[in-house]
Amino acid sequence: MIITIDGPAGAGKGTVARFLAEKYNLKKLDTGLLYRALAKEVIASNLDPQTHATEIVALARQISIESTNQEDLRTEIVANMASKIASSPEVRKILNQLQRDFAHGDPSPFKGVILDGRDIGTVICPEADCKIFLTASSEVRAMRRNKEGGGTPHSHGEISKIMVERDTRDQNRKVAPLSAAENAHIIDTTHLTIDEVCSRAAYYVDQLYLKKKNINS
Ligand code: DC
């Protein structure tokens with residue numbers, strides 16, 4: 001079973017993915033961490049995405065699923081660089097392969113996989129069993145990110161501005177822009193509590209199990 005969760009920054013993807021992974025015993029991949037792991041290397045090597053495309057593609061080849069286990073990936077500075085390098089088709093091609101291998105590998109002892117990101121339901125796993133797309137107003141998303149902290153030295157206004165910039169870039173890039181798959185279940189989390197969002201998402205997964213059970217019985 002493959003479940004996908006897409007949406008902009010701060011919409012609640014991570015929380016919902018963790019919840020569903022635990023509830024349904026799924027192997028989880030936060031695909032943004034692959035872009036962030038590469039971004040961290042790009043920052044450390046002082047590379048400019050505008051002028052060092054070849055060097056960045058070479059670094060992308062060294063990224064693996066294990067790269068997502070590093071510390072220090074959750075700052076907005078790393079996220080912003082991740083969003084910049086994510087517009088490169090060559091970088092995406094390399095990281096896409098890692099994500100597809102993860103999605104289609106043997107999940108055992110887990111019952112299936114869950115991936116969250118921006119293009120999982122549309123590009124990485126268009127065949128997924130259940131696709132969820134989370135949205136929320138930019139104000140609420142910035143507030144949530146601010147609460148999370150992540151060691152960022154930015155004020156609420158700055159976080160809000162950086163996030164809007166990042167979303168605009170992610171939504172408008174030529175390759176695999178952030179968008180909901182046609183058959184995604186869309187949940188607007190602006191006025192919902194975490195528990196409400198999680199139980200709505202679980203409802204869609206339960207429907208899927210019920211459907212499968214009816215087909216098999
Ligand atoms: O989910 P996140 O905030 O950790 O992602 C960081 C950046 O990585 C995001 O702004 C765009 C990019 N990204 C992407 O282009 N495609 C994905 N599937 C996941 C993340």
For residues 42-49, which side-chain N or O atoms pair as donor and acceptor with protein atoms under 3.5 Å away, sequence neighbours left out?
unit_1, atom_1, unit_2, atom_2, d
S45, OG, E41, O, 2.9
D48, OD1, Q50, N, 2.8

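- Applying the ring pair (Phe, Tyr, Trp, His ring centres under 6.0 Å) test to residues at least two apart or on different chains, the pairs with a partner in residues 174-217 are Y24-Y209, H185-Y204.
- Hydrophobic cluster membership for L33: L73 (Ile, Leu, Val, Met, Phe, Trp, Tyr linked by side-chain heavy atoms under 4.5 Å, directly or transitively).
- At least one donor-acceptor pair closer than 3.5 Å links the side chain of T190 to the backbone N or O of S137.
- Atom-to-atom distance recorded for L95:CG and I124:CD1 is 9.0 Å, nearest 0.5 angstrom.
- One distance of note links CE of M143 with CZ of R145; it measures 13.5 Å at 0.5 Å rounding.
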Pairs of donor and acceptor atoms involving the side chains of residues 13-21, under 3.5 Å and at least two apart or interchain, shall be tabulated with distances.
unit_1, atom_1, unit_2, atom_2, d
K13, NZ, G7, O, 3.0
K13, NZ, P8, O, 3.0

*Test side chain to side chain contact (heavy atoms under 4.5 Å, CB included) applied to S179 and T122, step by step*: CA-CA 8 Å; S179 69; T122 49; 3.8 Å; yes

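- Under the ring pair (Phe, Tyr, Trp, His ring centres under 6.0 Å) criterion, no residue pair touches residues 112-140, with sequence neighbours excluded.
- Applying the salt bridge (Lys or Arg N to Asp or Glu O under 4.0 Å) definition to pairs two or more places apart or across chains, those involving residues 170-181 are R118-D170, D170-R173.
- Not counting sequence neighbours, the partners of I94 by the side chain to side chain contact (heavy atoms under 4.5 Å, CB included) test are V57, A60, R61.
- Counting heavy atoms from C-beta on, the side chains of L34 and L98 come closer than 4.5 Å.
- Here the CG-CD distance, from N69 to E66, works out to 6.5 Å after rounding to the nearest 0.5 Å.
- Contact detail for R144 and G10: the closest heavy-atom pair is NH1-O, 3.1 Å.
- The list of salt bridge (Lys or Arg N to Asp or Glu O under 4.0 Å) pairs with a residue in residues 121-142, not counting sequence neighbours, reads D129-K212, R141-D167.
- The side chain to side chain contact (heavy atoms under 4.5 Å, CB included) check on T168 picks up V164, N172, with sequence neighbours excluded.
- Between the CG atom of L115 and the NZ atom of K27 there is a distance of 10.0 Å, given to the nearest 0.5 Å.
- When the side chain to side chain contact (heavy atoms under 4.5 Å, CB included) test is applied to Q62, the partners found at least two apart in sequence or on another chain are L59.
- At least one donor-acceptor pair under 3.5 Å links the side chain of T189 to the backbone N or O of A11.
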*So R92 and D119, salt bridge (charged side-chain N to carboxylate O under 4.0 Å, His left out) or not? Walk me through it.*
CA-CA 10 Å; R92 297 198 77 82; D119 61 340; 2.9 Å; yes

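- Residue pairs meeting the salt bridge (Lys or Arg N to Asp or Glu O under 4.0 Å) criterion with at least one partner in residues 181-201, sequence neighbours excluded, are absent.
- Contact check for L134 versus V197: side-chain heavy atoms found under the 4.5 Å cut-off.
- Note that the CZ atom of R36 and the CG atom of N80 stand 10.0 Å from one another [nearest 0.5 Å].
- To the nearest 0.5 Å, atom CD1 of residue I3 and atom CG of residue L208 are 6.5 Å apart.
- Considering only residues two or more places apart in sequence or on other chains, D6 meets the salt bridge (Lys or Arg N to Asp or Glu O under 4.0 Å) condition with none of them.
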*Step by step, would you call E76 with R166 a salt bridge (charged side-chain N to carboxylate O under 4.0 Å, His left out)?*
CA-CA 10 Å; E76 277 305 317; R166 182 148 78 93; 3.5 Å; yes

